[in-house]
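Let me begin by presenting the structure, written as structure tokens, before commenting on it.
In listed order, ligands and their atoms are each counted from 1.
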Amino acid sequence: MSTTREDIRNIAIIAHVDHGKTTLVDGMLKQSNVFRDAARAGERILDTNDLERERGITILAKNTAITWHGVKINIVDTPGHADFGGEVERVLNMVDGALLLIDAVEGPMPQTRFVLRKALALGLRIIVVINKIDRRYARPQEVLNETFDLFIDLGASDAQSDFPVIYSVGQDGRAGRTPDTIQDNLIPLFEVILDEIPGPEVDEDAPARLLVTTLDYDNYKGQIGVGRLRSGVVRRGMEVVRITPEGERIPGRIEYLFTYHNLERQEIEEAQAGDIISFSGLESLGISDTIADPDVTEPLPAITVEQPTVRMTFGVNTSPFAGREGKTGWGTSRQLRQRLYQETMHNVALRVADGASAEKFVVSGRGELHLAVLIETMRREGYEFEVSRPEVILREDEDGTLLEPIEEVYIEVADDLVGVVVELLGARRGQMIDIHSANSTTTLKYLVPTRGLLGFRTNFLTATNGMGQMYSILHGYEPYAGPIPGRGTGSLVAFEHGISTSYALNNAQQRGTLFIGPGVEVYEGMVIGENVRAVDIAVNVAKAKHVTNHRRSFAEEAIRLTPPREMGLDKSIEFLADDELLEVTPESLRIRKRVLDNELRLKEQRRLEKLAGVEV
Ligand SMILES: Nc1nc2c(ncn2[C@@H]2O[C@H](COP(=O)(O)OP(=O)(O)OP(=O)(O)O)[C@@H](O)[C@H]2O)c(=O)[nH]1
Ligand SMILES: [Mg+2]
């Protein structure tokens, strides 16, 4: 018999990037007395991994739990960046309701739409939280209207569109039922969660069934699976069956059982349906596996996520410096292959396929950031490898028409920069669909082929002095829009192996912008800067000035170089041309030509130019 558990609530926090999810969870944890040291609040305590802290965004969805007036509230914090939308799709099956956070200035944004669509499709009860109402230009009433329109637009049921609303300043742990009755605490939010989110519907007499939704690892207890116990009871030591999405049945035993309690996993002996639990004891667990009583035959429906749109080739490092900086023995194709396929076990929106040769793998994801985070994670683990320029994943429709991904792009810039943005996106086959201005800021909405957006961010930030905001989200697949010009500049390529000198760099910098300073070891074919003209030129950066007397060598030291452009991972990926690769090691990022030999490459270039000439 099915009953409702009143002692538990399972909720997810969903929103567009930066609307304040993780900060609000801090407040909830703090006010339910999790922190012994209250000073730890306000530091996005759930954003635990280094990359999350460095980039200031959530990358992985995470579980936590608090207790409020005797009711346990399991909370799943999710990332808001569109590239990590797969994380949201992965975890929503664990909850009965969601807090939809909306920035009181920005209103619903592209990813608000995406996450709300997913939540509504699962029939979740939604509480709208209009957050950051302390911000200048906050417009809570308008934002509420826009949110209501969004519900209707997404086909929400009458019950779903009749959502409760909370207004909050998540940062200060304050909330209220109206913008004018904000309390000094989050009690109104806790009350609404208890009143409006239904407790889990469970059947404790049915056999135990759980869908593995998250994978974790414990140094002592091994692989850990996390999911919501749908029905039945699970006990420590119990025999179970693991049913893979393909229907394979593997017997096993639950060794340890845990429940979430504040920021920790707490060991328990027994769990009842409705709770979010974790367990160890099963080998080779996968996301979407069903863990069940041994006699269960039907698996729970597997998690589905949307398809990737962008891909890169990862390959064994073939640079002359290969083997110098990575962990010894980790640079082989076997190691690289194993690491990449292992990633797909939990990174559900990522795809890996063997490439054209045994040393190459095609890695597909939801965007450049999705792939960049994987690259950065791997280099920090000690891997070295090379990656190609990202490219979009094309499709064909039934009639054989070539389709490409198109993105909806939202841009916010100061009014006087609109012209620049319009020009930049026009060149990339962008179509403006909306423009309006308020408080000296213009908001533009565009449809742009994803192809045109690869490498766009750096241009955009340069053009707007870093003051512009830009978000994009997949709009859909449409017929191929035709050629889009590349970066329009060439590369300055090192002429031979050596150590860069100030003297030589001083000559090289007349041509464009350098990526390296003096004293850097370079190899032939390594890209050391950007040429302002659209051709590559080989430059000798290791040449020392011919010294004839003491005074001249003194002069060499006095050369003042423009500081090199800090490339970093994101900028390097955006810079790559088709005939270039990025060498990634734990210590360095080096852009290089695919063909390192300058003479060979020039010959090939001339041959291609000739061929192109014949065709015209
Ligand atoms: N003014 C104001 N700023 C806030 C408030 N809450 C959060 N912020 C700021 O908003 C920024 C983003 O906060 P996060 O909590 O990381 O946002 P998020 O939704 O978790 O972001 P992602 O997980 O990356 O999608 C941070 O700089 C916060 O300090 C608020 O109530 N008022
Ligand atoms: Mg966050």
Identify the protein atoms, limited to N or O, that lie within less than 3.5 Å of an N or O atom of ligand 1, and list each pair with its distance to 0.1 Å.
unit_1	atom_1	unit_2	atom_2	d
ligand 1	1 (N)	Asp134	OD1	3.4
ligand 1	1 (N)	Asp134	OD2	3.0
ligand 1	3 (N)	Gln171	OE1	3.3
ligand 1	10 (O)	Lys132	NZ	2.9
ligand 1	13 (O)	Thr23	OG1	3.4
ligand 1	15 (O)	Thr22	N	3.4
ligand 1	15 (O)	Thr23	N	2.8
ligand 1	15 (O)	Thr23	OG1	2.5
ligand 1	17 (O)	Gly20	N	3.2
ligand 1	19 (O)	His19	N	3.4
ligand 1	19 (O)	Gly20	N	2.9
ligand 1	19 (O)	Lys21	N	2.8
ligand 1	19 (O)	Lys21	NZ	2.8
ligand 1	20 (O)	Lys21	N	3.4
ligand 1	20 (O)	Thr22	N	2.8
ligand 1	20 (O)	Thr22	OG1	2.8
ligand 1	21 (O)	Asp18	N	3.1
ligand 1	23 (O)	Thr58	N	3.4
ligand 1	23 (O)	Thr58	OG1	2.7
ligand 1	24 (O)	Thr58	N	3.1
ligand 1	25 (O)	Asp18	N	3.3
ligand 1	25 (O)	Lys21	NZ	2.7
ligand 1	25 (O)	Gly80	N	2.9
ligand 1	29 (O)	Gln171	OE1	3.3
ligand 1	31 (O)	Gly170	N	3.0
ligand 1	31 (O)	Gln171	N	3.1
ligand 1	32 (N)	Asp134	OD1	2.8
ligand 1	32 (N)	Asp134	OD2	3.4

Within less than 2.8 Å of the Mg ion (ligand 2), any N, O or S from Thr23?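 It does not; every qualifying atom lies at 2.8 Å or beyond.
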Thr78 near the Mg ion (ligand 2): N/O/S under 2.8 Å: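 It does not: Thr78 brings no N, O or S atom closer than 2.8 Å to the Mg ion (ligand 2).
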Would you kindly say whether [X] and [Y] are connected by a side-chain donor-acceptor distance under 3.5 Å?
X: Lys62; Y: Thr48; answer: no
X: Thr213; Y: Asn93; answer: yes
X: Thr58; Y: Asp47; answer: yes

With a 3.5 Å distance limit and no angle check, can you tell me whether Arg136 reaches the backbone of Val105 through a side-chain donor-acceptor pair?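 A pair under 3.5 Å: no.
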Is a side-chain donor or acceptor of Asn439 paired with a backbone partner of Thr441 at a separation under 3.5 angstrom?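 The answer is no, because no donor-acceptor pair under 3.5 Å joins these two groups.
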Stepwise, does the salt bridge (Lys or Arg N to Asp or Glu O under 4.0 Å) test hold for Glu87 with Lys21? CA-CA 14 Å; Glu87 286 291 295; Lys21 297 172 289 295; over 6 Å; no
Classify the ring geometry of Trp68 against Phe190: parallel below 30°, tilted from 30° to 60°, perpendicular beyond 60°.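 Geometry flag for Phe190 against Trp68: parallel rings.
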